[in-house]
Amino acid sequence: KTLRLETLMSATVHWSDDGWRTMHDTPTKNTGLGVHCADLLTKHISAGGTVEFTFYWNEAGKWENTNFAVTLSEARRSYYKEVRTTYAGS
């Protein structure tokens, strides 16, 4: 299973599936259609597991300053159960 994130600009997705004990960086790829995609490999994460992530905007050289979280579900068609957003201090 894969969690695909789509952005309108080039970015690096900084993410974790274990509460930030370990982290991964996955660059987005330009599709040529005005969208950039990053595929996060999540096949090892059980239902109820959470993927947390943020974005580093490559061209701007800035962090999003927001953490996002997706909780995985067992549902076949609805793979994503919950999305939480946490704002970092300004």
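Position 1 is the first residue of the sequence, and the numbers go up from there.
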Q: Are the side chains of Glu52 and Asn67 in touch, meaning some heavy atoms are under 4.5 Å apart?
A: no
Q: Is it the case that Trp63 and Thr54 place a side-chain donor and acceptor less than 3.5 Å from each other?
A: no
Q: Between Lys29 and Cys37, is there a side-chain heavy-atom distance shorter than 4.5 Å?
A: no
Q: Are Tyr56 and Val13 linked, directly or through other ILVMFWY residues, by side chains that come within less than 4.5 angstrom of each other?
A: no
Q: Would the distance check show the side chain of Thr31 and the main-chain N or O of Leu33 forming a donor-acceptor pair, the cut-off being under 3.5 Å?
A: yes
Q: Taking the six-membered ring for Trp, are Phe55 and Phe53 parallel (under 30°), tilted (30 to 60°) or perpendicular (over 60°)?
A: perpendicular
Q: I need the minimum non-hydrogen distance between Met9 and Trp57, along with the two atoms involved.
A: O-CZ3, 3.9 Å
Q: Quick one: does any side-chain atom of Thr71 pair with a main-chain N or O of Thr50 as donor and acceptor, under 3.5 Å?
A: no
Q: Any donor-acceptor pair under 3.5 Å linking the side chain of Thr28 with the backbone of Ala11?
A: yes
Q: Scan side-chain atoms only and decide if Thr12 and Asn58 contain a donor-acceptor pair under the 3.5 Å cut-off.
A: yes
Q: What distance separates Lys43 NZ from Leu3 CG, expressed to the nearest 0.5 Å?
A: 14.5 Å
Q: Can you see which heavy atom on Val35 is nearest to which on Glu6, and at what distance?
A: CG1-CB, 3.8 Å
Q: Apply side-chain contact (heavy atoms from CB on, under 4.5 Å) to Thr2 and Leu41, showing your working.
A: CA-CA 5 Å; Thr2 301; Leu41 300 177; 4.1 Å; yes
Q: Looking only at heavy atoms, which two atoms of Gly19 and Ser16 are closest? And how far apart?
A: N-OG, 3.7 Å
Q: How far apart are the closest heavy atoms of Ser73 and Ala47, and which atoms are they?
A: C-CB, 4.2 Å
Q: Which atom names give the shortest non-hydrogen contact between Asp17 and Trp15, and what distance separates them?
A: OD2-CZ3, 4.2 Å
Q: Over all heavy atoms of both residues, which pair between Pro27 and Ala38 is shortest? Give the atoms and the distance, please.
A: O-CB, 4.1 Å
